[in-house]
> 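After the structure tokens below, expect a handful of questions from me.
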Amino acid sequence: MSFKERVLAVVARIPAGATMTYKEVAAAAGNPRAYRAVGNILNKNYNPDVPCHRVVRTDGATGGYNRGRARKIGILKKEGAI
DNA sequence: CGTATGACGTGCA
DNA sequence: GTGCACGCCATAC
């Protein structure tokens, strides 16, 4: 299980309506300092089972999304995360 | 093995 | 409050 797999698993565990920061996800994956790699991994990974839109930045910004940030914001708004 | 890349974070001007 | 520069880790080539 590589760090990548762990990150994906952690993100998949995030419940609807909840949001986690890259730092939190990295910490849950086992490396609080690897938040940089977390974003990189999610970017390369287009897994539908991984709701990457629930992962936001520490300062509250939505960050980015493989299908467009606007889409991500819309989903969060719809789920009540916003 | 070494280099390049990236959905980030923090500090300072 | 905004903008710029540096540092950080894992993955891919």
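Proteins come first, then strands; the chains are lettered A, B, ... in the order of their sequence lines, and each starts at number 1. Only this structure's heavy atoms are used, side chains among them; waters, hydrogens and symmetry mates stay out.
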> Using nucleotides 10-13 of chain B, report all nitrogen or oxygen pairs with the protein that are shorter than 3.5 Å.
from   : atom 1 : to    : atom 2 : distance (Å)
B:dT10 : OP1    : A:K23 : NZ     : 2.9

> How many angstroms lie between atom NZ of A:K72 and atom OG1 of A:T19, to the nearest 0.5 angstrom?
9.5 Å

> Write down the protein N/O and nucleotide N/O pairs, taken from nucleotides 10-12 of chain C, whose separation is under 3.5 Å; answer none if there are no such pairs.
from   : atom 1 : to    : atom 2 : distance (Å)
C:dA10 : OP1    : A:N31 : ND2    : 3.0
C:dT11 : OP1    : A:K4  : N      : 3.4
C:dA12 : O4'    : A:K44 : NZ     : 2.9

> Is any side-chain heavy atom of A:Y65 closer than 4.5 Å to a side-chain heavy atom of A:I73?
no

> What are the two closest non-hydrogen atoms of A:V38 and A:Y22, and how far apart are they?
CG1-CD2, 3.9 Å

> Could you go through residues 42-54 of chain A and list every donor-acceptor pair under 3.5 Å that involves a side-chain atom there, pairing it with any protein atom two or more places apart or in another chain?
from  : atom 1 : to    : atom 2 : distance (Å)
A:N47 : OD1    : A:D49 : N      : 2.8
A:R54 : NE     : A:E79 : OE1    : 3.2
A:R54 : NH1    : A:I14 : O      : 2.6
A:R54 : NH2    : A:E79 : OE2    : 3.2

> Rounded to the nearest 0.5 Å, how far does NZ of A:K23 lie from CZ of A:R33?
8.5 Å

> Please find the pair of heavy atoms, one from A:A26 and one from A:A34, that lie closest to each other, and give the distance.
CB-C, 3.8 Å

> How close do A:A9 and A:M1 get, counting heavy atoms only, and between which atoms?
CB-CE, 4.5 Å

